[in-house]
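One structure is given here, and the rest of the page talks about it.
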2 protein chains.
Amino acid sequence: MIKLEKIKSTPIPTLKRLTRYLSVIHQLKESKTDYISSTEIANIMGLDPIQVRKDLEFTGISGFPRLGFKIDDLHFAIKEILNWNNTEDAFLVGAGSLGQAILGYDRFKSCGLKIIAGFDINPELIGKKISNIEIYHINKIPNLIKRLNVKIGIICVPASSAQDVVDLMVDNGILALWNFAPIHVNVPSDIIIENAQLSQSLGILTHKLAEKIKAY
Amino acid sequence: MIKLEKIKSTPIPTLKRLTRYLSVIHQLKESKTDYISSTEIANIMGLDPIQVRKDLEFTGISGFPRLGFKIDDLHFAIKEILNWNNTEDAFLVGAGSLGQAILGYDRFKSCGLKIIAGFDINPELIGKKISNIEIYHINKIPNLIKRLNVKIGIICVPASSAQDVVDLMVDNGILALWNFAPIHVNVPSDIIIENAQLSQSLGILTHKLAEKIKAY
DNA sequence: TAGATTGTTAATCGATTAACAATC
DNA sequence: TAGATTGTTAATCGATTAACAATC
């Protein structure tokens with residue numbers, strides 16, 4: 001009888017840690033070492049070595065007893081899981097201060113993301129180039145999503161217009177949304193949505209700080 | 001024999017969802033309704049009603065059978081858990097484009113955060129006001145942290161200088177750090193660090209998108 | 001060889017989900 | 001009253017941690 005192997009997909013907590021390992025590994029690539037062990041990564045980041053090993057399993061590459069993992073292989077394999085070895089085109093909507101900061105953020109290029117156009121309704125912005133990316137009027141979105149086959153939309157508009165912009169992009173075939181608007185938006189179940197939600201991160205910080213201060 | 005009640009602290013996943021409920025509740029406050037049930041919140045956000053109820057337990061307030069929870073009370077109680085009813089002063093270091101976007105982001109005021117000064121090393125920025133917040137030279141940090149008793153530091157410097165800035169702030173008594181630099185930084189175990197890590201969020205998105213495209 | 005590390009299998013822990021009585 | 005919802009206790013699920021044999 002054929003045993004079907006259960007393919008277990010990478011858990012979200014593992015994905016999050018993998019991106020963090022990547023930045024540590026990236027730094028170590030500069031140094032002379034060829035290998036890195038899960039123990040070393042764990043020590044640097046203050047994590048459990050067993051957890052690191054378990055996470056690295058999902059990359060599918062195997063290490064060498066006594067040596068660890070080949071840094072270059074590990075680096076490549078993690079980028080592969082995140083799909084950062086490929087580049088996806090993206091549209092950014094809302095070229096306010098946060099939008100402009102993201103347009104100018106070089107780093108995303110090494111994270112598989114290429115923002116190829118920005119959109120806004122502010123006439124002063126339309127036609128301008130920000131960090132060499134042209135800003136169009138929002139009403140160009142339907143046409144351009146289809147023509148350029150763009151799959152990722154980045155939402156940097158105010159909370160009040162976020163749902164409308166999301167609907168517009170979804171209706172025109174966007175597949176994934178990265179939402180920076182501080183609000184819950186509804187999307188059909190087959191659309192990928194990832195909330196950057198700065199306030200979520202801030203909430204954890206202020207909560208912990210309050211606990212800490214209370215403890216005195 | 002006295003039974004000591006085990007006080008269970010709010011789990012991180014619950015805290016994250018609580019901040020999201022807050023934004024939904026905030027919108028509903030405008031509407032006429034006085035009460036909201038966990039079922040309604042769950043429907044709006046596409047979550048399990050049981051999970052919402054469980055999360056709301058941590059606020060300590062009790063609901064009314066058949067009605068749900070008083071919106072105002074719930075709103076207040078969630079802000080209380082996050083410590084968003086108080087305001088903490090914060091310093092922001094690195095007034096580049098991301099730093100400037102954060103300095104201008106009004107929303108954090110309602111999240112218990114008040115950025116009272118910015119820091120940079122760029123002479124063109126020092127002395128300037130950005131969104132009405134003055135930018136000082138980084139060498140003013142030690143003196144000012146102590147004098148103003150600031151507890152929160154926001155790191156918006158490039159990866160290459162993040163660790164140095166973190167060390168400087170920790171050495172001078174900062175208690176909590178909100179790190180936007182795309183790098184792992186080391187802090188003593190008693191210092192709270194929260195990584196905003198946009199790339200982590202992006203990694204999840206690009207991974208999911210790749211899985212989705214593969215599935216075709 | 002000795003020892004450090006991997007890789008696998010099992011145990012534990014905690015969060016999510018389920019079940020159901022209590023309440024208005 | 002009937003019915004929707006809360007709140008509590010139990011069951012399930014999945015992630016983390018532990019244990020240990022295999023490897024170079």
Side-chain angles (χ1 to χ4, degrees), chain A residues 3 5-21 24-25 28 33-74 77-78 81 200 204 207, chain B residues 3 5-21 24-25 28 33-74 77-78 81 200 203-204 207-208:
Chain A
K3 181 108 163 283
E5 190 148 331
K6 188 149 101 231
I7 299 156
K8 43 181 173 179
S9 63
T10 317
I12 302 292
T14 293
L15 283 175
K16 288 186 180 174
R17 283 189 300 268
L18 284 173
T19 65
R20 298 178 58 207
Y21 301 161
V24 167
I25 290 165
L28 288 168
T33 45
D34 284 341
Y35 290 86
I36 186 161
S37 70
S38 45
T39 324
E40 289 173 88
I41 296 178
N43 286 343
I44 292 169
M45 303 187 54
L47 296 174
D48 185 338
I50 300 165
Q51 182 169 58
V52 175
R53 203 141 22 107
K54 205 80 183 167
D55 287 337
L56 295 186
E57 247 178 49
F58 286 95
T59 62
I61 68 162
S62 39
F64 300 88
R66 205 145 153 59
L67 291 170
F69 298 81
K70 273 196 114 168
I71 286 195
D72 288 345
D73 291 357
L74 201 52
I78 294 177
I81 281 200
Q200 205 164 275
I204 296 168
H207 168 84
Chain B
K3 182 106 165 283
E5 190 148 330
K6 188 148 101 233
I7 299 157
K8 44 181 175 180
S9 62
T10 317
I12 301 293
T14 293
L15 283 176
K16 289 187 179 172
R17 283 189 300 267
L18 284 173
T19 66
R20 297 178 59 205
Y21 302 160
V24 167
I25 291 165
L28 289 167
T33 46
D34 284 340
Y35 291 86
I36 185 159
S37 70
S38 44
T39 323
E40 289 174 87
I41 296 177
N43 286 343
I44 293 170
M45 303 185 54
L47 296 174
D48 184 340
I50 300 166
Q51 181 170 59
V52 175
R53 201 141 22 102
K54 205 80 184 166
D55 286 338
L56 296 185
E57 248 180 46
F58 285 96
T59 62
I61 70 163
S62 38
F64 300 89
R66 206 144 153 61
L67 292 169
F69 298 81
K70 274 196 113 167
I71 286 195
D72 288 346
D73 291 358
L74 200 52
I78 293 177
I81 282 201
Q200 207 165 274
I204 296 168
H207 169 84
K208 284 184 179 170

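Residue numbers start from 1 in every chain, and the chains themselves are labelled A, B, ... in the order their sequence lines are given, proteins ahead of strands. Quick caveat, the model's predicted, so the values are computed rather than measured.
Protein chain B contacts DNA chain C from C:dA15 to C:dC24, reading 5' to 3' and using non-hydrogen atoms of the protein with a distance under 4.0 Å.
The nearest pair of heavy atoms linking A:Lys70 to A:Phe64 is CG-CE1, 4.2 Å. Minimum interatomic distance between A:Glu40 and A:Tyr35 (heavy atoms only, all atoms of both residues): OE2-O, 4.3 Å. Of all heavy-atom pairs spanning B:Pro49 and B:Thr39, the tightest one is CB-CA, 4.2 Å. Shown here for B:Pro11 and B:Phe58, the closest heavy-atom pair between the two residues is CD-CZ, 3.5 Å. Nearest heavy atoms, B:Asp55 versus B:Tyr21: OD2-OH, 2.6 Å.
Nearest-nucleotide positions on DNA chain D place A:Thr14 closer to the 5' end than the other of A:Thr14 and A:Arg66. Heavy-atom distances to DNA chain D give each of B:Phe69 and A:Asp55 a nearest nucleotide, and the one nearer the 5′ end belongs to B:Phe69.
Pairing partner, D:dA21: C:dT6, with both Watson-Crick or wobble hydrogen-bond distances short of 3.5 Å. Across all strands shown, C:dG14 forms a Watson-Crick or G-U wobble pair with D:dC13, both key distances being under 3.5 Å.
A:Leu18 has its side chain within reach of A:Leu56: a pair of non-hydrogen atoms, C-beta onward, lies under 4.5 Å apart.
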